[in-house]
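Below is one structure, written out as structure tokens; the observations come after it.
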Amino acid sequence: MQFTVAIDGPAAAGKGTIARAIAETFGFAHLDTGLLYRAVGAKMMMRGRGVIVPELAEKIALELTEADLERDDLRNARVAQAASKVAALPEVRAALLEFQKSFSKRAGGAVLDGRDIGSVICPDADVKLFITASDEVRARRRFEELSRKTPDTRLETVKIDLHQRDIRDASRDVAPMRAVEDALLLDTSKLSIDAAVAEAVALVKKRFEKA
Ligand code: CDP
């Protein structure tokens, strides 16, 4: 059985939590595609000494391994910024395309979350969700998440990171973040995490039972 769920949306809208819950509920494999760009961004910062060099970023993307995705420093705001910069490079996106496409076709079902899943990676996905939340709610959620690991995280810095990335991600020429026409929109601003997950699971269930 092949069944693909595509989840997109801006930074810290709840995509990851929802994707993991869907994967667990339906037994699907899950790919957090943001990790691919974060891993390339992190390596680019190190090897380019802070400068983004397109040819080197492409090479890093082509050579990415599972171990690169397991680094525990990929979640911070500096890496997120570098991720969104390398994500705007067509050569980096092209280098990561096939891996994501083939993951989405796994037997047993797959759920992928990112920015271009419904538009580029899985245009034929069985379910497409676009998860949003207000700027304030997203910043607070990410602030709480980062503060657990890094207590001196500042809300203002988190707000700036999300805002800059949203603008860059939505305005780039290649695979910009957008809600495709056939995506189901889910605004999680006023929902608890449990309620947001329950709503997303119910949306997938409707389609899954028909498949
Ligand atoms: O967790 P959060 O929503 O903050 O970010 P993420 O999903 O880990 O993605 C980090 C960055 O990678 C984003 O700001 C995008 O620039 C980029 N990205 C992308 O361009 N396309 C994707 N499919 C996933 C992430």
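Note that the numbering runs from 1 along the sequence shown for the chain. Whatever order the structure lists ligands and atoms in, that order sets their numbers, starting from 1.
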Original post:
Are any of the side-chain nitrogens in Asp68 or Lys43 under 4.0 Å away from the carboxylate oxygens of its partner?
Top reply: yes
Original post:
Where the closest heavy atom to atom 21 (N) of ligand 1 is concerned, which of Arg138, Arg93, Arg38, Met177 has it?
Top reply: Arg93
Original post:
What protein heavy atom sits nearest atom 22 (C) of ligand 1, and how far away is it?
Top reply: Arg115 N, 3.4 Å
Original post:
Counting heavy atoms only, which of Ala80, Ala170, Gly34 is nearest atom 9 (O) of ligand 1?
Top reply: Gly34
Subject >> Donor-acceptor contact below 3.5 Å, side chain Arg138 vs main chain Ala11 >> reply: yes
Subject >> Subset of ligand 1 atoms that lie under 4.0 Å from at least one heavy atom of Arg142 >> reply: 1 (O), 2 (P), 4 (O)
Original post:
What atoms of ligand 1 come within less than 4.0 Å of a heavy atom belonging to Thr33?
Top reply: 22 (C), 23 (N), 24 (C)
Original post:
Which bit of Arg172 is near ligand 1, meaning a heavy atom under 4.0 Å away: side chain, backbone, both or neither?
Top reply: side chain
Original post:
Of all the atoms in ligand 1, which lie at a distance below 4.0 Å from a heavy atom belonging to Ser84?
Top reply: 14 (O), 16 (O)
**OP:** Could you list which atoms of ligand 1 come closer than 4.0 Å to a heavy atom of Asp169?
**Re:** 13 (C), 14 (O), 15 (C), 16 (O)
Original post:
Hey, does Ala12 sit under 4.0 Å from ligand 1 if you only count heavy atoms?
Top reply: yes
Original post:
Where does the angle between the aromatic ring planes of Phe103 and Phe99 fall among parallel (under 30°), tilted (30 to 60°) and perpendicular (over 60°)?
Top reply: tilted
Subject >> Closest protein heavy atom to atom 18 (N) of ligand 1, given as residue, atom name and distance to 0.1 Å >> reply: Tyr37 CD1, 3.6 Å
Subject >> Sidechain N-carboxylate O distance under 4.0 Å for Glu63, Lys59 >> reply: yes
Original post:
Should Lys159 and Glu136 count as an ion pair when the cut-off is N to O under 4.0 Å?
Top reply: yes
Original post:
Looking only at heavy atoms, is any part of Lys15 under 4.0 Å from ligand 1, and if so is it the side chain, the backbone, or both, or is it neither?
Top reply: side chain
Subject >> Student check: side-chain heavy atoms of Val127 and Phe208 closer than 4.5 Å >> reply: no
**OP:** Please tell me if the side chains of Thr150 and Asn76 come closer than 4.5 Å, counting only heavy atoms from C-beta onward.
**Re:** no
Original post:
What part of Arg165, side chain from CB on, backbone N/CA/C/O, both or neither, has a heavy atom under 4.0 Å from ligand 1?
Top reply: side chain
Original post:
Shared ILVMFWY cluster between Phe130 and Leu203, side chains joined below 4.5 angstrom?
Top reply: no
Subject >> Side-chain ion pair, Asp8 and Arg115, N-O less than 4.0 Å >> reply: no
Original post:
Quick one: which ligand 1 atoms are inside 4.0 Å of a heavy atom on Ala87?
Top reply: 16 (O), 17 (C), 20 (O)
